[in-house]
Amino acid sequence: MTLEESHGQEPVPAGHDWMQGAGKALHKLLVSAQRRGCLTAGVYESAKLMNVDPDNVAFCVLAADEEDEGDIALQIHFTLIQAFCCENDIDIVRVNDVAKLAAIVGPSEESGEPRDLHCILITNPNEDGWKDPALETLNSFCEESRNVNDWVPTITLPE
């Protein structure tokens, strides 16, 4: 008997289409947020923003490659960010390919230098109620994942 069966919950669809849809939605959200100036990249910058204005954070992305998995300091940061997001009802996902993320987000606009993409926050602009269909899709994906006790689901970005 699985956990889902014991609690009467249906498992999240494990099919390729469900995950691919979430990956495409994340790609669209990142592009849209960057265009609107609603994207904050970097563990330090994200932590600073969450400390100052947590109500303005709409979504969080944590990214790590295989070689990052052994970085204890980064894992501690991830644990603290995850706890903060859970406490403040901020949906959060993981991405396991920083290179794909860098291809979508690109270098820093100010310096042109590569930036820390281990944590990316999507914030709400000052406009009234920015409703992005990709954000709504990802919120639904995260809710479905939580229903089967996957609190920080991993998303694969499209090629």
Side-chain angles (χ1 to χ4, degrees), residues 11-52 54 56-124 132-159:
V12 172
H16 182 69
D17 291 341
W18 179 252
M19 289 303 291
Q20 190 175 26
K24 286 180 181 179
L26 181 57
H27 184 275
K28 288 178 186 175
L29 179 63
L30 291 169
V31 170
S32 175
Q34 184 157 347
R35 205 176 306 126
R36 291 177 167 270
C38 302
L39 187 139
T40 300
V43 172
Y44 176 74
E45 292 81 2
S46 296
K48 192 165 59 171
L49 176 65
M50 286 190 284
N51 187 45
V52 173
N56 196 34
V57 178
F59 199 78
C60 179
V61 178
L62 296 178
D65 288 326
E66 283 184 33
E67 60 266 9
D68 294 326
E69 295 300 324
D71 185 343
I72 300 301
L74 183 62
Q75 296 308 316
I76 290 170
H77 287 298
F78 280 5
T79 301
L80 294 172
I81 290 168
Q82 289 173 35
F84 186 89
C85 288
C86 287
E87 187 173 306
N88 288 282
D89 296 322
I90 300 168
D91 285 327
I92 182 170
V93 296
R94 287 191 130 212
V95 172
N96 55 8
D97 194 335
V98 178
K100 281 185 189 176
L101 207 52
I104 296 168
V105 176
S108 172
E109 292 177 9
E110 298 87 40
S111 66
E113 295 289 317
R115 52 185 161 177
D116 174 15
L117 298 177
H118 289 108
C119 182
I120 295 177
L121 298 180
I122 309 299
T123 57
N124 288 317
D132 189 312
L135 180 58
E136 292 175 15
T137 299
L138 288 166
N139 288 335
S140 295
F141 174 80
C142 288
E143 184 176 337
E144 289 296 320
S145 295
R146 283 191 300 274
N147 286 338
V148 293
N149 291 322
D150 186 2
W151 294 92
V152 184
T154 300
I155 291 179
T156 302
L157 291 167
E159 294 299 320

Apply side-chain contact (heavy atoms from CB on, under 4.5 Å) to Leu138 and Ile155, showing your working. CA-CA 10 Å; Leu138 288 166; Ile155 291 179; 3.7 Å; yes
Given the rule in the side-chain contact (heavy atoms from CB on, under 4.5 Å) test, do Leu29 and Ile122 qualify, once you have shown the distances and angles that lead to the verdict? CA-CA 8 Å; Leu29 179 63; Ile122 309 299; 4.1 Å; yes
Salt bridge (charged side-chain N to carboxylate O under 4.0 Å, His left out) evaluation trace for Asp132 with Lys28: CA-CA 9 Å; Asp132 189 312; Lys28 288 178 186 175; over 6 Å; no
side-chain contact (heavy atoms from CB on, under 4.5 Å) between Leu26 and Phe59, intermediate numbers included: CA-CA 10 Å; Leu26 181 57; Phe59 199 78; 4.2 Å; yes
Do Asp91 and Arg146 pass the side-chain contact (heavy atoms from CB on, under 4.5 Å) test, and can you show the C-alpha distance, the side-chain angles, and the key distance before you say yes or no? CA-CA 10 Å; Asp91 285 327; Arg146 283 191 300 274; 2.6 Å; yes
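Ile104 contributes atom CD1, which lies 10.0 Å from atom CG of Leu117 (distance to the nearest 0.5 angstrom). Between the CG atom in Asn51 and the OG atom in Ser46 there is a gap of 12.5 Å [rounded to 0.5 Å].
The minimum heavy-atom distance between Pro158 and Lys100, with the atom names listed, is O-CD, 4.1 Å. Of all non-hydrogen atoms in Met50 and Phe84, the two that sit nearest each other are O-CZ, 3.2 Å. Across all non-hydrogen atoms, the minimal contact from Cys142 to Ile92 is SG-O, 3.9 Å. For Cys60 against Cys85, the heavy-atom pair with the smallest separation is CB-SG, 3.8 Å. Here the closest heavy-atom approach between residue Leu39 and residue Leu30 is recorded as CD1-O, 3.7 Å. The minimum heavy-atom distance linking Ala64 with His118 is given by the pair CA-CD2, 4.4 Å.
Here the side chain of Gln34 pairs a donor or acceptor atom with the backbone of Val105 at under 3.5 angstrom. Remark: the backbone N or O of Asp65 is paired with a side-chain donor or acceptor of Asp68 at under 3.5 angstrom. The backbone N or O of Leu135 lies less than 3.5 Å from a partner atom in the side chain of Asn139, making a donor-acceptor pair.
Just one of Leu80, Leu74, Thr79 meets the side chain to side chain contact (heavy atoms under 4.5 Å, CB included) condition when paired with Ile76; it is Leu80.
Inter-residue side-chain proximity for Asp97 and Leu157 is flagged as unmet; no heavy-atom pair is nearer than 4.5 Å. Looking at Leu62 and His77, their side chains never come closer than 4.5 Å, going by heavy atoms from C-beta outward.
By the side-chain contact (heavy atoms from CB on, under 4.5 Å) test, Gln75 is found to be paired with Glu69, Phe78, Arg94, residues two or more places apart in sequence or in another chain being considered.
In Glu66, the CD atom is not crowded: 12 or fewer heavy atoms of neighbouring residues, nucleotides or ligands sit closer than 6.0 Å.
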